[in-house]
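Report on one structure; see the data block that follows.
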Amino acid sequence: MSHISGPSVLQLLLLWITLCTSAATASGQSAARYNVVMVIFDDLRPALGVYGDSLARTPHLDAFAQGSNVFSHAYSQQALCAPSRNSLLTGRRPDTLHLYDFYSYWRSFAGNFTTLPQYFQQHGYYTYSCGKVFHPGLSSNNTDDYPLSWSAPAFHPRTEQFMNSPVCPEHGGGVLRKNYLICPVELQTQPYKTLPDIESVTEALRFIDTRKHSRQPYFLALGFHKPHINFRFPRQFLGRFPLSHFYNYTEDTLKPPDMPDVAWNPYTDVRSRDDFKHRNISFPYGPISRHQAAQIRQAYYASVAYVDDLFGKLLAGLDLERTVIAVLGDHGWSLGEHAEWAKYSNFEVALRVPLIIRSPEFPLAEPRKRHSITELVDVFPTLVDLAHLPPLPACNGSGLEQPSCSQGKSLYPMLQGLDLGEDYVAISQYPRPGMLPTKHPNSDKPKLRNIKIMGYTLRTSHYRYTLWVRFHAHNFSRDWHNIYGEELYDHRLDSGEEFNLAALPEFNSIRQHLRWRLIEAVG
Ligand SMILES: *[C@@H]1O[C@H](CO)[C@@H](O)[C@H](O)[C@H]1NC(C)=O
Ligand SMILES: *[C@@H]1O[C@H](CO)[C@@H](O)[C@H](O)[C@H]1NC(C)=O
Ligand SMILES: *[C@@H]1O[C@H](CO)[C@@H](O)[C@H](O)[C@H]1NC(C)=O
Ligand SMILES: *[C@@H]1O[C@H](CO)[C@@H](O)[C@H](O)[C@H]1NC(C)=O
Ligand SMILES: *[C@@H]1O[C@H](CO)[C@@H](O)[C@H](O)[C@H]1NC(C)=O
Ligand SMILES: *[C@@H]1O[C@H](CO)[C@@H](O)[C@H](O)[C@H]1NC(C)=O
């Protein structure tokens with residue numbers, strides 16, 4: 001007798017339970033929900049081992065990246081802290097928030113939009129901010145957008161008040177009275193014998209510990225202050241970086257002759273520090289001496305190593321099986337490429353950031369490099385999907401009538417391994433007060449009322465195309481026909497953006513095509 005038995009009632013029941021459990025996990029309803037931790041580094045370009053930077057000493061971020069998605073082409077919306085962070089945290093572009101400087105609060109000025117932490121809070125999460133997450137001050141209503149974004153007032157380290165104080169040892173000696181750009185210190189000489197990022201990590205670990213036994217999931221944002229200038233970090237990190245490694249850091253040390261002047265940022269903040277202001281660096285184009293250039297780079301890398309070390313301490317306190325983690329920089333920083341320093345521009349070095357995302361849902365044994373073009377506005381919808389909250393709709397245009405929507409795209413399908421075959425682009429922008437670099441108004445960071453020109457830049461997988469056009473600050477409109485500069489760089493041949501191809505007839509049709517694409521995307 002041959003009898004193939006069908007599934008027993010018990011087997012069916014087990015199958016049913018399994019299906020229900022996985023469905024519940026997928027929709028995030030009854031199963032334990034993931035905690036979400038977002039770590040922002042201030043002014044961090046991808047100077048990390050996992051991004052192929054052989055000078056970097058970042059063992060903790062590199063180890064973290066082993067199990068993560070590493071986005072190789074992630075871009076900030078504007079290379080300035082407050083516009084970039086508010087864009088990231090609202091999922092909307094600087095043009096929608098009408099924020100290009102530090103001095104307005106978009107809820108009062110543009111629209112009462114739902115932020116990333118607020119969305120998590122609305123869906124049952126406890127939300128907490130440690131360190132520099134929102135840019136402090138007017139652009140977050142002097143409260144880091146508390147209480148709308150956070151369940152408790154944001155934590156700020158008490159040593160934050162000394163960030164721009166003259167607390168660097170003069171000539172490396174014992175007397176603290178200088179506001180140097182390059183400022184390695186002994187901790188015991190510093191106010192409260194500590195530094196802001198050390199305090200922020202201690203607080204984050206305390207917070208994580210207090211939430212251990214809570215059934216309510218949390219969204220924690222931790223913002224490191226470094227490697228933003230000044231480069232104030234524990235002295236021992238300098239020893240890992242021989243100065244000689246930083247002389248020939250880039251071959252691209254000259255201002256490109258065919259760069260429009262409006263594209264240039266004169267790095268006024270570097271010049272103003274006590275160790276640079278008497279050097280008579282020619283305004284606006286410099287250069288900075290080779291020796292000082294090497295010293296700045298060395299201090300940047302040492303600052304990165306310092307926060308990497310603190311990131312390792314944070315990671316040791318997290319339960320990776322229960323936590324979605326996103327790590328990113330708010331924008332990049334030029335370390336002498338094009339003879340340029342600092343952020344404040346539309347160049348690749350100022351806009352490209354590290355973006356590393358890890359979820360227990362997608363266990364990986366090694367870094368999964370994702371080469372598609374991504375933007376910081378993508379982070380909000382992506383984290384929403386990774387936490388299995390109701391998906392965030394795409395904004396209709398600028399979405400002024402939609403309190404909760406995103407102008408970015410969710411990267412979740414990419415993490416699921418779905419190749420959507422899309423040819424994504426990144427759109428970023430930078431304002432200027434005029435055609436030429438100036439000290440007054442400061443063309444590195446013009447105030448809204450002084451903005452006369454907006455540079456819009458489009459990054460495709462092959463090109464960067466930038467158009468500088470007339471901008472009317474009083475009604476936030478732009479005139480695409482009134483052009484102050486145009487740039488086209490082919491990243492397949494010129495990853496340093498040294499050769500502006502915009503004037504070459506051979507590139508006419510691609511230039512026209514990219515211009516059309518940019519105008520259509522900006523709207
Ligand atoms: C900004 O903060 C003030 C208190 O300082 C508060 O009265 C006001 O409602 C806040 N603005 C918005 C739009 O939330
Ligand atoms: C903004 O929206 C929040 C809910 O997202 C609401 O609580 C608040 O009252 C609104 N503020 C204003 C000024 O409309
Ligand atoms: C940098 O490169 C130049 C030649 O391009 C070489 O002469 C010099 O020794 C190098 N300096 C260092 C510190 O490696
Ligand atoms: C910088 O210029 C000032 C005024 O011209 C001069 O007194 C000073 O010696 C110069 N410093 C250096 C380092 O060249
Ligand atoms: C988007 O906005 C336009 C213009 O305001 C409107 O005509 C259209 O119906 C909106 N679409 C959706 C899906 O809301
Ligand atoms: C904005 O203002 C400028 C100059 O005053 C004007 O030419 C332009 O038409 C205005 N644009 C809009 C959309 O109102």
Side-chain angles (χ1 to χ4, degrees), residues 82-83 85-129 132-156 219 221 377 380-381 383-384 387 389-407 429 431-435 446-456 467-484 518-523:
R85 285 160 188 262
N86 283 290
S87 170
L88 161 79
L89 287 158
T90 56
R92 305 191 192 223
R93 299 182 185 277
D95 271 345
T96 302
L97 303 178
H98 292 168
L99 180 70
Y100 318 102
D101 60 14
F102 305 95
Y103 309 107
S104 70
Y105 182 41
W106 42 268
R107 282 194 199 276
S108 325
F109 201 59
N112 190 16
F113 308 130
T114 306
T115 67
L116 166 54
Q118 186 180 3
Y119 194 78
F120 274 82
Q121 197 185 40
Q122 287 170 352
H123 291 90
Y125 274 67
Y126 189 95
T127 62
Y128 192 52
S129 167
K132 184 171 172 184
V133 179
F134 276 99
H135 191 84
L138 281 178
S139 65
S140 55
N141 205 24
N142 293 307
T143 56
D144 299 84
D145 200 42
Y146 171 77
L148 287 170
S149 283
W150 310 109
S151 305
F155 170 82
H156 285 280
F219 174 95
V377 280
F380 185 172
L383 291 181
V384 164
L389 305 184
L392 197 63
C395 296
N396 184 12
S398 51
L400 292 179
E401 306 305 323
Q402 297 159 276
S404 303
C405 68
S406 156
Q407 291 183 302
Q429 61 192 106
R432 297 279 183 231
M435 280 283 278
K447 295 185 173 169
L448 178 62
R449 66 168 180 277
N450 294 324
I451 297 173
K452 297 279 192 310
I453 297 171
M454 189 65 77
Y456 288 97
L467 194 62
W468 299 86
V469 297
R470 180 79 171 93
F471 183 81
H472 301 290
H474 69 99
N475 62 12
F476 301 99
S477 75
R478 60 205 70 73
D479 179 355
W480 293 111
H481 301 293
N482 207 341
I483 295 172
Y484 293 83
L518 174 69
I519 292 173
E520 171 148 297
V522 172

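Nothing fancy with the numbering, it's 1 onward along the sequence. For ligands, and for the atoms within them, numbers begin at 1 and follow the listed sequence.
Every protein residue with a heavy atom nearer than 4.0 Å to ligand 6 is included here: H472, H474, N475, S477.
For F113, the ring pair (Phe, Tyr, Trp, His ring centres under 6.0 Å) criterion is met by no residue, not counting sequence neighbours.
Ring orientation note: the planes of F102 and H135 are tilted relative to one another, at an angle of 30° to 60°.
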>> Go through it in stages, so that I can follow the logic: the residues are L389 and Q122, the test is side-chain contact (heavy atoms from CB on, under 4.5 Å), and I'd like the CA-CA distance, side-chain angles, deciding distance and then a yes or no.
In response: CA-CA 10 Å; L389 305 184; Q122 287 170 352; over 6 Å; no
> Given S477 and N475, is the side-chain hydrogen bond (donor to acceptor under 3.5 Å, both in side chains) satisfied, shown in steps?
Replying inline: CA-CA 6 Å; S477 75; N475 62 12; 2.9 Å; yes
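Here the CZ atom belonging to R107 is positioned 5.5 Å from the OG atom belonging to S149, to the nearest 0.5 angstrom.
Polar contact with ligand 1: absent for S108 (N/O pair, distance under 3.5 Å). For ligand 2, the polar-atom distance check finds no N/O of T114 at less than 3.5 Å from any of the ligand's N/O atoms. At under 3.5 Å, a nitrogen or oxygen of N112, whether backbone or side chain, sits near a nitrogen or oxygen of ligand 2.
The distance between the ring centers of W480 and Y456 falls below 6.0 angstrom.
Under a cut-off of 6.0 angstrom, the local environment of NE2 in H474 is crowded, with over 12 non-hydrogen atoms contributed by other residues, nucleotides or ligands.
A donor-acceptor pair is defined here as one N or O able to donate and one able to accept, closer than 3.5 Å; such a pair exists between the side chain of R85 and the backbone of V133.
Close approach of ligand 2 to Q118 (heavy-atom distance below 4.0 Å) involves ligand atoms 4 (C), 5 (O).
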